[in-house]
Structure formats: structure tokens, C-alpha cells
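So that the names make sense, note that chain A is the first sequence line, chain B the second, and so on, each numbered from 1.
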2 protein chains.
Amino acid sequence: MERSDLRKAGLKVTLPRMRILSILDTSERRHMSAEDIYKSLLDTGEDIGLATVYRVLSQFEGAGLVSRHNFEGGHSVFELDTGVHHDHIVCNDCGRVEEFMNPIVEVQQETIAKEHGFALVAHSMILYGRCENPDCPHRAKK
Amino acid sequence: MERSDLRKAGLKVTLPRMRILSILDTSERRHMSAEDIYKSLLDTGEDIGLATVYRVLSQFEGAGLVSRHNFEGGHSVFELDTGVHHDHIVCNDCGRVEEFMNPIVEVQQETIAKEHGFALVAHSMILYGRCENPDCPHRAKK
DNA sequence: ATGTATGCAAAACATTTGCACCTGG
DNA sequence: CCAGGTGCAAATGTTTTGCATACAT
């Protein structure tokens with residue numbers, strides 16, 4: 001029950017918030033843009049505005065319920081924050097997103113920050129490539 | 001003389017292109033947004049449109065003369081491509097950008113891609129933190 | 001009831017594009 | 001001369017905001 005998550009975050013339990021949380025939780029794609037979520041709501045017959053989707057996602061981000069990533073292409077993607085840190089590898093062809101966590105890289109980040117006299121606050125690491133998924137367009141294309 | 005760089009890229013040597021290249025080359029800040037470059041042109045008394053700045057930067061990117069990075073905040077920054085790969089660490093307070101190249105991280109990226117069945121094409125790694133620069137606002141603030 | 005949330009439309013940005021005019025080779 | 005480049009304004013795509021209305025507590 002995520003109702004409690006909302007209350008804990010100091011957010012009223014409203015229908016749009018529940019629905020958006022639910023979509024992020026149950027969609028087969030863990031990483032969705034605001035537009036994706038909005039369309040998904042329309043499909044479900046919900047009458048929720050795109051502006052609300054953005055507002056709710058920002059609040060969720062502030063509350064630590066979701067995290068936002070700036071992938072290439074000028075739009076953000078959101079995912080439920082499981083509390084487990086990870087980075088992303090994205091297929092340039094089919095858009096598939098996979099998660100990874102590499103301890104060696106994590107350690108190096110601290111080392112690098114220290115070398116440059118920075119107190120590390122956050123980082124963004126995204127790998128782009130072509131995946132081996134048989135359904136991936138770049139393989140289908142030949 | 002960068003005239004030859006332009007010719008090599010199959011681009012006519014025009015005034016806007018020269019000026020933009022020159023700004024990227026001589027500005028003390030190596031990393032600039034399109035807007036930054038545009039303002040810099042205005043300061044120099046140049047009459048070059050923002051649209052042209054974007055067009056030229058895109059062409060330069062295609063020609064490998066500059067590289068584009070998507071920092072947080074929804075805007076891109078451009079820098080002269082020296083041919084030497086590096087990533088970035090950005091100060092959240094003063095906006096200062098430093099470059100680094102960590103061989104261990106580079107190797108791990110290939111390993112990670114392989115583990116996930118991806119052929120690595122590109123990557124974006126940006127660290128965010130607070131720098132020790134005495135001029136940095138977050139230190140001045142107390 | 002009452003302070004928050006929401007929907008809608010409009011605004012705000014960053015970036016791109018259409019088109020008539022200019023310019024470099 | 002003439003393909004390609006540029007300026008300007010208008011179009012785009014994404015995200016934010018103002019405001020009157022609706023809702024959770």
C-alpha cells in the first residue's frame with residue numbers, strides 16, 4: 001500500500017497521485033517520460049492533465065519517491081526510487097533501458113572528486129550502445 | 001589558423017563560423033551554452049542570430065570540431081573538441097566545470113556494456129559536487 | 001471549512017525550421 | 001553566378017505557472 005508513502009511525504013492522498021504511483025509501480029517499463037505516463041493514464045480512462053503529471057512527479061522527486069534522469073533527446077525519464085543506487089545503459093536503437101551498479105566505478109567517482117577538490121553530491125552516468133535484443137530494430141533492419 | 005578546419009569539414013569559411021570558433025577557442029570558459037556564445041557575440045558587437053549559433057554548433061558537432069554535453073538544467077553546453085576524451089565534474093554552486101579522464105572507469109564501461117550484451121557507442125558521465133574554489137558562492141556564503 | 005490539488009490554457013525555455021535575402025568561392 | 005549560409009520570425013517540444021474550481025482532511 002503506497003498510501004502511507006504519500007502521507008509520509010506530507011502529500012495528500014489524491015486520485016492523480018495514486019494513479020501515477022500505480023503506473024510507475026506496475027508498468028512493465030520502469031523508466032517513463034512524463035508524456036508516457038500521461039498517455040498511460042489516458043489509456044486507463046483517467047482524466048488527469050499533463051501539468052498535474054509534471055507537478056506530481058516533481059513532488060515525488062522531492063519526496064524521494066521517484067528519481068529523474070536526463071537521457072539524451074531533451075526529455076526526462078522517471079522511475080520509482082527503490083533506494084538502491086544504480087546507473088543506466090540505454091539502447092540507441094530500441095530505447096531499452098537496463099540498470100547496473102559497478103562498485104569499481106562508484107569508488108573511482110569519489111577518488112576523482114577528491115582529486116579535484118570537490119565534495120561529491122551526485123552523479124549521472126549513462127552508457128549508450130546497441131543491444132542484442134532480437135526485437136531491437138537495428139537487428140531487424142537487416 | 002582554424003580556416004583549414006572549416007574547409008576540411010566541408011564548410012564554407014563564413015564570418016559567423018569564424019567568430020563562433022574564435023569564441024570557443026579564446027573564452028576563458030571552455031564550456032559554454034548556445035546562449036552564452038550568443039551573448040558573447042553581442043558583446044563583441046557582432047550581429048549574428050541565435051538560430052545561426054545553434055545551426056553552426058550543430059554543424060561543428062557533426063564535423064567533430066565541438067562536442068555537446070547535456071548538463072542538468074535542460075540546456076546543452078559546447079566545447080572545442082580537442083580529440084582527447086574526458087568527462088566532467090561540475091560545481092553545483094559556482095557552475096565551474098573541470099575535466100577528468102579515469103582509465104579505470106573507461107575500462108569498466110566496456111565491461112559493463114559487455115555484461116549487458118551491448119555494443120558501447122557512447123557514454124555520458126558527469127559528477128556534481130561542491131568545489132573548494134575560494135570564489136565559490138557556497139563558501140562565500142558563510 | 002479551508003488549505004491543497006487539479007485542470008485548463010497560457011507562458012516560459014531551449015532548440016529547430018521556413019523562407020526571403022545575402023555572400024563566399 | 002549560385003549553392004549554400006544567414007537573419008528573422010514563427011513553429012516545436014518539453015516543462016512550468018496563473019487562476020478559478022474541486023477535493024481531502
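- Taking each heavy atom of B:Ala113 and B:Leu120 in turn, the nearest pair found is CB-CB, 4.0 Å.
- We find that CD of B:Glu61 is positioned 13 Å from C1' of C:dT15, with the value rounded to whole Å.
- Taken from CD1 in A:Ile89 to CD in B:Glu115, the straight-line distance is 9.5 Å, to the nearest 0.5 Å.
- Placement of A:Leu24 and A:Leu42 within a single hydrophobic cluster is found when ILVMFWY residues are connected by side-chain heavy-atom separations under 4.5 Å, directly or transitively.
- The distance from atom CG of A:Leu11 to atom P of C:dA5 is 7 Å, rounded to the nearest whole Å.
- What you find for B:Val90 and B:Phe71 is that their closest heavy atoms are CG2-CE2, 3.7 Å.
- Residue B:Leu15 is grouped with residue B:Phe60 when hydrophobic side chains (ILVMFWY) are merged at heavy-atom distances under 4.5 angstrom, including chains of intermediate members.
- Between the two ends of the helix from C:dA1-D:dT25 to C:dG25-D:dC1, each summarised by a five-pair axis, the helix axis turns through 30° (rounded to 10 degrees).
- Nucleotide C:dT6 holds its C1' atom 17 Å from the CD1 atom of A:Ile37, rounded to whole Å.
- With rounding to whole Å, A:Leu6 atom CG is found 14 Å from D:dT25 atom C1'.
- Summarising the geometry, the separation between CE on A:Met18 and P on D:dA24 is reported as 11 Å, rounded to the nearest angstrom.
- Ring pair B:His69/B:His31 is tilted by interplanar angle, where 30° to 60° counts as tilted.
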Check the pair B:Ile48 / B:Leu41 against side chain to side chain contact (heavy atoms under 4.5 Å, CB included), numbers first and verdict last. CA-CA 7 Å; B:Ile48 296 177; B:Leu41 286 167; 4.0 Å; yes
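- Separating the NZ atom of B:Lys39 from the C1' atom of C:dA14 is a distance of 12 Å, rounded to the nearest angstrom.
- When only modelled atom types and interatomic distance are considered, B:Asp36 and B:Ser33 share a side-chain donor-acceptor pair under 3.5 Å.
- We find that CZ of B:Arg7 is positioned 13 Å from P of D:dG5, with the value rounded to whole Å.
- In the hydrophobic clustering of this structure, A:Val77 does not group with A:Leu50; members are Ile, Leu, Val, Met, Phe, Trp, Tyr whose side-chain heavy atoms approach within less than 4.5 Å, directly or through other members.
- Comparing atom distances between the A:Lys12 side chain and each of C:dG3, C:dA5, C:dT16 picks out C:dG3 as nearest.
- In this structure, B:Leu21 places its CG atom 15 Å from P of D:dG5, rounding to the nearest Å.
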Generate the contact string for nucleotides 6-15 of chain D. Rules: B means base contact, S means sugar-phosphate contact only, - means no protein heavy atom under 4.0 Å. SBBB----SB
